[in-house]
Amino acid sequence: MSAALSIDAWKSQAAGLAYRNQAFIDGHYVAAASGETFDCINPATGKVLTRVAACDNEDVDRAVRAARAAFDKGVWSRRSGAERKKVLLRFAELIDEHATELALLETLDMGKPIRDSSKIDIPLSAACIRWYAEAIDKVYDEIAPTGPEAISLIRREPLGVVGAVVPWNFPLLMASWKIGPALATGNSMVLKPAEQSPLTALRIAELAAEAGIPAGVFNVVPGFGETAGQALGRHMDVDCIAFTGSAEVGKYFLKYAGESNMKRVSLECGGKSPNIIMADAPDLDAAATAAAWGIFFNQGEVCNAGSRLIVEESVKDRVLEKVMAVGRKLQPGDPLDPKTAMGAMVDVTQLHRVLDYIEVGEKEGAKLVLGGQRVRGETGGYYIEPTVFDQVDNRMRIAQEEIFGPVLATISFKDPDEAVKIGNDTIYGLAAAVWTRDITKALKTARNLRAGVVWVNCFDNGHISSPFGGFKQSGFGRDKSLHAMDKYTELKATWIHIGN
Ligand code: NAD
C-alpha cells in the first residue's frame with residue numbers, strides 16, 4: 001500500500017507519471033478551443049510539471065451544453081437512485097484503486113506532504129462519493145398534511161447543470177464534497193479546479209467515465225478564475241454554482257448570478273477561526289498540541305485553521321511554550337518524503353502573501369516568537385517555517401484577515417465572555433473551538449460563538465455525516481451530510497386534487 005512507500009519509491013513513481021492536461025468535455029479529453037495552455041508548477045521545486053489547457057468562454061460553453069444535453073436526455077438524471085448508486089460506488093472504488101497515483105498528483109501539484117494526500121485527501125474523497133452513493137436510494141420524499149381533499153407530493157428534483165468552482169488547498173477533497181451530492185441527486189456537472197491544482201480533477205474525469213457515468217454528465221474545465229471561473233458564473237444555462245474559495249471571489253459569484261440568470265449560489269468561504277483555551281481545559285498539553293496542528297497542518301492552508309489562539313492569560317505562557325515546541329519539530333520538508341509533516345506553500349504568490357503578512361504583524365507591534373522565515377530556498381520550492389505571534393491585539397490585520405499560511409496569532413483573555421467577544425469579532429464565522437472541563441461553560445460558549453462548526457475539547461474533528469460551512473462572510477449552504485443535497489435539488493410540490 002502507498003503508506004508503506006519510501007521516499008525513493010515515491011520519487012521513482014513520480015518520475016514515471018503521465019499527466020492528463022486537457023479539458024474533459026462530453027466524455028473526451030480536448031485542448032482548449034484557443035489552443036492556450038498554462039504552466040502547472042511543482043511548488044516543492046518551482047519547476048514545471050506540465051502545461052494544462054487554459055479554458056475560456058468557448059470551452060465552458062461547450063461543457064455546459066454537453067452537461068445540459070445529458071441532463072435533458074435523462075441518461076443520468078432520470079436513472080433510479082439505486083442505479084446511480086451502483087455507478088458512483090464503482091467510481092469511488094476506482095479512486096481507491098488509483099490512490100497512489102492520485103496522491104502523487106496532489107502532492108506534486110500543490111506541495112502537501114504525501115503522507116497527507118495518501119492517507120487523508122484521496123481516501124476521504126473516495127469515502128465522500130461512496131457515502132452519497134449509499135445515501136441516495138434511502139432518501140424519501142414527502143407528502144404534505146393538506147387535508148383529505150388533496151394530496152401534495154413534495155419531491156426533490158435535480159437542478160440541472162451544476163458548476164463547481166473549487167480551491168487548491170484540498171483539490172480533490174473539496175471537489176468531492178460537491179461531486180458526491182451533486183451527482184448522486186442526478187445533476188450534470190462542470191467542475192473548474194483551481195489553476196494551481198488541476199491534475200487530480202482531470203485524472204478522475206476518465207475514472208468517472210470508466211465507472212459508467214455517461215458522457216456529458218461530468219466535465220472538467222481547467223483554467224483561470226477570471227476566465228473559466230467567470231464564464232461558468234455568468235453562463236445563462238448553469239443552474240447552480242457550488243463554490244469553495246475566498247470570500248472575495250465568493251462575492252463575485254453573487255454578482256455574476258445577479259447579472260446573468262439568478263442561478264443558485266452556495267459559498268464555502270474563508271475563516272479566521274478562534275481556538276479558545278480556558279484555564280480549566282481537561283488537558284492543557286493536549287489542547288496546545290491540537291492548537292499547533294490546527295494551524296500548521298496543510299501548511300496552514302486550511303479554511304478552518306485555528307489561526308487565532310485565544311487563551312486564558314493565567315495559562316498562556318504554558319500553552320504557548322507547548323505550541324512552539326510542536327512547531328519547532330514541524331519543520332517543512334520534501335513533500336515526497338513520507339516523514340514530512342509540512343510541505344511547501346502552493347505557489348510563489350502565496351509564499352509572498354504569507355511573508356508579507358508576517359512583516360505586517362511585526363510592524364503592527366505583535367511579538368514574533370517563532371519562525372517567520374522562508375526556508376529550503378535552495379530547492380527552488382516555496383517553504384515557510386511554522387510561525388507564532390504573541391501579544392496580538394484582535395484589531396490587528398494578522399488577527400482579522402485570512403493569511404492562509406502557517407501563522408498563528410495569540411491573543412489572551414481574562415474571562416469567558418471576553419473570549420467569546422474576541423472570537424466573534426471578525427467578518428468570518430466558519431469554525432471555532434473551546435477547551436474547558438466545565439460543561440456549562442462549554443455549551444454556553446458553543447452557543448454564543450457565531451460559527452458553522454464549534455468543537456469542544458478537540459480541533460478540526462469531523463465526519464462526512466456532519467455538515468460543514470459558515471456563518472457571516474464564511475458563506476452559506478453546507479457541504480457534507482444529507483443537508484448538502486438541498487443545494488443541488490429544487491423542491492417541487494405536485495398538488496393532486498381529489499375532492500370530497
Ligand atoms: P480563490 O477564491 O482565489 O479561488 C477559488 C476558485 O475560484 C479557484 O478555482 C479560482 O480559479 C476561482 N476564481 C478566482 N477568481 C475568480 C473570479 N474572478 N471569477 C471566478 N472564479 C474565480 O481561493 P483559493 O486561493 O483557491 O483558496 C483559498 C480560499 O478557499 C481560502 O479563502 C479558504 O478559506 C477557502 N476555502 C474554504 C473552504 C470551506 O469549506 N469553507 C474550504 C477550502 C478553502
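Both ligands and their constituent atoms are indexed starting at 1 by order of listing.
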Need the ligand 1 atom indices (1-based, order shown) with element for anything under 4.0 Å from a heavy-atom of [X].
X: Asn169; result: 43 (C), 44 (C)
X: Phe243; result: 2 (O), 5 (C), 6 (C), 7 (O)
X: Glu195; result: 10 (C), 11 (O)
X: Val165; result: 6 (C), 7 (O), 9 (O), 12 (C)

Please work out which of [options] has its closest non-hydrogen atom nearest to [atom].
atom: atom 1 (P) of ligand 1; options: Ser246, Ala247, Ala305; result: Ser246
atom: atom 41 (N) of ligand 1; options: Ala431, Cys269, Cys303; result: Cys269
atom: atom 6 (C) of ligand 1; options: Leu191, Val166, Asn298, Val249; result: Val166
atom: atom 17 (C) of ligand 1; options: Phe224, Phe253, Trp168, Tyr256; result: Tyr256

Which atom pair, heavy atoms only, marks the closest approach of [X] to [Y]?
X: Pro386; Y: Leu330; result: CG-O, 3.3 Å
X: Ile384; Y: Met342; result: O-CE, 3.3 Å
X: Ile398; Y: Ala366; result: CD1-CB, 3.9 Å

Is it the case that ligand 1 has an N or O less than 3.5 angstrom from some N or O of Gly225?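 Yes - when backbone and side-chain N and O of Gly225 are compared with those of ligand 1, one distance drops under 3.5 Å.
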Is Lys192 in polar range of ligand 1, meaning some N or O pair under 3.5 Å apart? yes
So which bit of [X] gets within less than 4.0 Å of ligand 1, heavy atoms only: side chain, backbone, both or neither?
X: Met174; answer: side chain
X: Ser474; answer: neither
X: Val302; answer: neither

Can you classify the ring geometry of Tyr29 versus Phe24 as parallel (below 30°), tilted (30 to 60°) or perpendicular (above 60°)?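 Plane angle over 60°, so perpendicular.
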So is Arg234 actually on top of Tyr256's ring, under 6.0 Å and inside 45° of the axis?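 Pair Arg234/Tyr256 does not count as cation-pi.
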Given the ring of Phe253, does Lys263 sit roughly above its face, with NZ or CZ under 6.0 Å from the centre of the six-membered ring and within 45° of the axis? no
When you measure from the side chain of Asn219 to the backbone of Met189, do you find a donor-acceptor pair of N or O atoms at a distance under 3.5 Å?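 Such a contact is found between Asn219 side chain and Met189 backbone.
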Among protein heavy atoms, which sits nearest to [atom], and what does the distance come to when rounded to 0.1 Å?
atom: atom 40 (O) of ligand 1; answer: Phe468 CE2, 3.3 Å
atom: atom 28 (C) of ligand 1; answer: Phe404 CE2, 3.4 Å
atom: atom 32 (O) of ligand 1; answer: Glu402 OE1, 2.6 Å
atom: atom 27 (O) of ligand 1; answer: Pro167 CB, 3.2 Å

Looking just at side-chain N and O atoms, do Ser466 and Ser481 make a donor-acceptor pair shorter than 3.5 Å? no
Side-chain donor-acceptor contact under 3.5 Å, Asn304 with Asp460: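 On atom types as modelled, these side chains qualify, holding a pair under 3.5 Å.
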Would you call Glu490 and Lys487 a salt bridge, using N to O less than 4.0 angstrom? no
